[in-house]
Novice: 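Starting off with a structure, shown below.
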Amino acid sequence: MKILAISGSGRASSTNTAMLRAVAEIAQPKHEVTVFDGTAGLPVFSPDFEVGPLPVEVQAFVDMIGESHCVIISSPEYVRSIPGGLKNAIDWLVSRDEIVQKPIALMHASHRGEDMLEQLRLVLSTVSQKFAQDLFLRFEFMKLSPEEISDRLAVPTNRAAVADFLRDLTNSTVTAGSE
Ligand SMILES: Cc1cc2nc3c(=O)[nH]c(=O)nc-3n(C[C@H](O)[C@H](O)[C@H](O)COP(=O)(O)O)c2cc1C
């Protein structure tokens, strides 16, 4: 099963990105998790840019969505909201087919960020008919290094929580009949 894990953070030592990378390690060989941390590299969306070929970076992002069976998103909160880069990335998908039937679930690497989570849930339930509202996996990794996060996720109880989350997400894909 191919899973695209999108980080809303462009920080090199992002806790959200580090957590998704650790999930990718745990998931294999059962699932192929690809981490996308390039939202900051996408041009700012305008409907005018959808006429004709998409910008190269956007086409590559859209293709990654299209080729995945399901999507995980994990993001920091910026100014009590969704980081601009992540919202912009989602805007590029809105008038396209790739995201509408794609099962999506949230992870989160912090004990904070409720306003962002609420807004992201509203946005994702608008763009995807298969947004899994009830599926959510959260760890308190704020301010930890990528190495510390990898070590924490390797703990058996956390590995089991990740495995359960991936099982529920990919089961929803099977139920959706898109495998
Ligand atoms: C510009 C900026 C704005 C932020 N605004 C908030 C905020 O409104 N609420 C909050 O809880 N944290 C806020 N934070 C903290 C981040 O959400 C938090 O450090 C997060 O864990 C960073 O995720 P990352 O390690 O993946 O980059 C902000 C951080 C930055 C850089």
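Every number for a ligand or one of its atoms is a count from 1 in the order of the listing.
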Novice: Under 4.0 Å from any heavy atom of R11, which atoms of ligand 1 are there?
Specialist: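 The atoms of ligand 1 under 4.0 Å from a heavy atom of R11 are 24 (P), 25 (O), 27 (O).
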Novice: From atom 16 (C) of ligand 1, work out which of M19, E77, M142 has a heavy atom at the shortest distance.
Specialist: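 The nearest heavy atom belongs to E77.
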Novice: Pair R138, E114 - check salt bridge (charged side-chain N to carboxylate O under 4.0 Å, His left out), show working.
Specialist: CA-CA 12 Å; R138 171 180 232 155; E114 299 308 318; 2.6 Å; yes
Novice: Could you label the plane-to-plane angle of the W92 and F45 rings as parallel, tilted or perpendicular, counting under 30° as parallel and over 60° as perpendicular?
Specialist: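 Rings of W92 and F45: perpendicular, as their planes differ by over 60°.
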Novice: Report yes if Y78 has an N/O atom closer than 3.5 Å to an N/O atom of ligand 1; otherwise report no.
Specialist: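 The answer is no, given that Y78 and ligand 1 share no N or O pair closer than 3.5 Å.
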Novice: Does anything in residues 83-108 form a salt bridge (Lys or Arg N to Asp or Glu O under 4.0 Å)? List the pairs, not counting sequence neighbours.
Specialist: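 Applying salt bridge (Lys or Arg N to Asp or Glu O under 4.0 Å) to every pair that reaches into residues 83-108, excluding sequence neighbours, yields K87-D91, R96-E98.
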Novice: Is there a polar contact between ligand 1 and S9, counting only N or O atoms under 3.5 Å apart?
Specialist: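 Right, the criterion is met.
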Novice: Any idea which atoms of ligand 1 are less than 4.0 Å away from a heavy-atom of V79?
Specialist: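 Per the distance check, 3 (C), 4 (C), 5 (N), 6 (C), 7 (C), 8 (O).
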Novice: Does an N or O from P76, backbone or side chain, lie closer than 3.5 Å to an N or O of ligand 1?
Specialist: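 Between P76 and ligand 1, no N or O pair is found under 3.5 Å apart.
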Novice: Any heavy-atom pair between the side chains of L106 and L137 that's under 4.5 Å?
Specialist: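 Answer no - side chains too far apart.
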Novice: Which residues satisfy the side-chain hydrogen bond (donor to acceptor under 3.5 Å, both in side chains) test with R121, sequence neighbours excluded?
Specialist: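 For R121 there are no side-chain hydrogen bond (donor to acceptor under 3.5 Å, both in side chains) partners, ignoring immediate neighbours.
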Novice: My understanding is that we take every heavy atom of each candidate and find the minimum distance to atom 10 (C) of ligand 1. Doing that for R112, E114, R80, which one comes out nearest?
Specialist: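 It is R112 that holds the nearest heavy atom.
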Novice: Within ligand 1, which atoms have a heavy atom of N16 less than 4.0 Å away?
Specialist: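 In order of number, 23 (O), 24 (P), 26 (O).
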Novice: Looking only at heavy atoms, which two atoms of Y78 and S9 are closest? And how far apart?
Specialist: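 Minimum heavy-atom separation between Y78 and S9: OH-OG, 4.4 Å.
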